[in-house]
Amino acid sequence: MIDKIEAIKQEIEQFNIDSEETLEEFRLRFLSRKGKIQAMFGMMGDVPNEQKAAVGKAMNEVKNLAQSTFDQAKEELASAQKKTFGALDDISLPVEPAYTGSFHPLTQALNQIKEIFLRLGFNIADGPELEDDFHNFTALNFPKDHPARDMQDTFFVRKSDDENTDDLVLRTHTSPVQIRLMKEQAPPVRSIMPGRVYRNEAVTAKSYFQFNQVEGLYVDEKVTLGELIETLVMFSKLMYGSDVKYRVRPSFFPFTEPSMEMDIWWENEKGGQWLEILGAGMVDPNVFEAVGIDPEKYTGYAFGMGVDRIAMLRYGIDDIRLLYDNDIRFLQQFES
Ligand code: DAH
């Protein structure tokens, strides 16, 4: 009898519990009503009286071993399962959303402008932010000492008294890219030129020392003012919706003749107001001459718009400085 008990004991010790299934197998084999422990106690009747005490003790030990083996294995399985889920008990709980970043409102506005002009047949060109006086002013028909140069609040990087050395400036507008483009490429030219520009202005909610423009240029034979206006109207409709209210006013720029500005009507709580969104005009023949294009053969139109203004209108931003602070609380509002 003692041998049989010893055999069960060994069987228990060698049983490998590594899953819910083997745990249940163990329970059935040893602990259930039809299991080996119960059967073992059933043989107590065959044990001679003088051995009953010793055999009973051995049986109880085996029974306790089976029970504690079972309990311990069950606990280990449960805690191993917890570990695979980490500290979470309920894996169906929603997770904290992580901020994955988003496009800056200026980038979003710029992307939309680019998309519209790509659809209208323009390609994209760019030029340097550090410009010389020739490209930023002279070739654009700003005569030396012309008051229009003062209006541009220029940041000078190098001022030169030597006639052969040009002044260097942070470009005050994207129009110099027109000059670079026309010097490099014979007509037809049909490009937009996005970029950052700089002006030495007092920083306020409405003005900043840097901002972004998109320049446009179309040069070919027989380009007309009518085409310019039609293109700008098309742009406004695609940008602001087909019911946009717009107007075109005469203006002045040294590099275009005639020159004009376009306003759009901006509705707000106080009723609304006209806001200037761009300057434009027909390329002045003096500009063509500066880049070696024959003004008798070619005509062209040009325009320049402010991206910051467009983004501010679009998103109801009333302080331009917000666009350059990179405050995450501000930027998170423009997830697209
Ligand atoms: N360069 C002008 C500015 O900075 C904007 C502009 C006006 C660009 C008329 C043009 C244009 O190309 O034709 O205010």
Side-chain angles (χ1 to χ4, degrees), residues 110 113 117 120 122 124-129 131 133-142 146-155 169-183 187 189-201 206-220 223-233 235-236 246-264 275-288 290-291 293 295 298-310 320:
L110 183 58
I113 295 170
F117 282 106
L120 296 177
F122 287 72
I124 297 174
D126 69 2
E129 292 181 15
E131 264 300 2
D133 180 281
F134 174 78
H135 290 88
N136 198 79
F137 294 121
T138 305
L140 287 162
N141 198 31
F142 286 84
H146 191 278
R149 292 194 182 207
D150 296 338
M151 277 164 47
Q152 297 244 355
D153 302 307
T154 311
F155 281 116
V169 302
L170 291 181
R171 66 179 176 195
T172 57
H173 52 175
T174 43
S175 302
V177 191
Q178 288 185 30
I179 301 300
R180 293 184 175 275
L181 201 59
M182 287 189 283
K183 281 201 314 191
V189 175
R190 195 174 185 144
S191 301
I192 56 164
M193 295 146 262
R196 186 169 285 194
V197 303
Y198 301 86
R199 298 220 185 145
N200 190 0
E201 289 188 55
K206 296 277 165 261
S207 67
Y208 206 57
F209 58 84
Q210 61 181 16
F211 52 98
N212 295 270
Q213 290 187 331
V214 173
E215 192 79 12
L217 178 70
Y218 178 31
V219 180
D220 204 347
V223 175
T224 66
L225 183 66
E227 281 172 278
L228 168 60
I229 294 174
E230 183 55 31
T231 302
L232 297 179
V233 168
F235 166 76
S236 303
Y246 59 86
R247 72 179 183 192
V248 171
R249 294 178 284 108
S251 182
F252 170 79
F253 300 100
F255 37 94
T256 45
E257 182 61 35
S259 302
M260 56 194 231
E261 280 172 329
M262 186 175 201
D263 304 330
I264 62 156
L275 285 171
E276 179 208 322
I277 58 160
L278 57 85
M282 300 305 290
V283 178
D284 193 291
N286 288 343
V287 173
F288 280 143
V291 295
I293 288 180
Y298 293 103
T299 53
Y301 66 65
F303 56 83
M305 60 181 69
V307 182
D308 303 62
R309 168 68 66 85
I310 289 174
I320 188 173

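Scope of the values below: all heavy atoms of this structure, side chains included, with no hydrogens, waters or symmetry mates. Position 1 is the first residue of the sequence; numbering continues from there. Start at 1 and go down the list; that is how both ligands and their atoms are numbered.
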### Message
Which of the numbered atoms in ligand 1 are under 4.0 angstrom from any heavy atom belonging to Phe253?
### Response
7 (C), 9 (C)
### Query
Can a salt bridge be assigned to the pair Lys206 and Glu201 using a cut-off of 4.0 Å between side-chain N and carboxylate O?
no
### Query
Can you tell me if Glu227 and Tyr301 form a side-chain donor-acceptor pair at under 3.5 Å?
no
### Message
Applying the side-chain contact (heavy atoms from CB on, under 4.5 Å) criterion to Val177, which one of Met182, Arg171, His135 satisfies it?
### Response
Arg171
### Task
Would you please determine whether Gln178 falls within less than 4.0 Å of ligand 1 on a heavy-atom basis?
yes
### Task
Below 4.0 angstrom from a heavy atom of Gln213, which ligand 1 atoms are there? Numbered from 1 as shown, please.
3 (C), 4 (O)
### Message
Using a 4.0 Å cut-off to any heavy atom of Gly281, which atoms of ligand 1 qualify?
### Response
13 (O)
### Query
So is Met305 close enough to ligand 1, meaning a heavy atom under 4.0 angstrom away?
no
### Query
With backbone taken as N, CA, C and O and side chain as the heavy atoms from C-beta onward, which portion of Arg199 lies under 4.0 Å from ligand 1: side chain, backbone, both, or neither?
side chain
### Task
For ligand 1, note which part of Phe303 has a heavy atom under 4.0 Å away: side chain, backbone, both or neither.
backbone
### Query
What part of Ser175 sits under 4.0 Å from ligand 1 if we count only heavy atoms: the side chain, the backbone, both or neither?
side chain
### Message
Show me which atoms of ligand 1 lie under 4.0 Å from any heavy atom of Ala302.
### Response
12 (O), 13 (O)
### Query
Are a donor atom and an acceptor atom from the side chains of Thr138 and Asp133 found within less than 3.5 Å of each other?
yes
#### Entry: For Glu131 against Pro176, the heavy-atom pair lying closest together
OE2-CB, 3.6 Å
### Message
Which heavy atom of Asn141 sits nearest to which heavy atom of Pro254, and what is that distance?
### Response
ND2-O, 2.8 Å
### Nitrogen or oxygen of Thr172 less than 3.5 angstrom from that of ligand 1
no
## Note on the structure
Checking Glu129, Gln210, His173 against Tyr198 for side chain to side chain donor-acceptor pair (under 3.5 Å), the one that qualifies is Glu129
## Note on the structure
Atoms of ligand 1 under 4.0 Å from any heavy atom of Thr256, numbered from 1 in the order shown, are 13 (O)
### Message
Is the distance between the ring centroids of Phe303 and Phe117 under 6.0 Å?
### Response
yes
#### Entry: contact_flag Phe255 ligand 1 heavy-atom lt 4.0 Å
yes
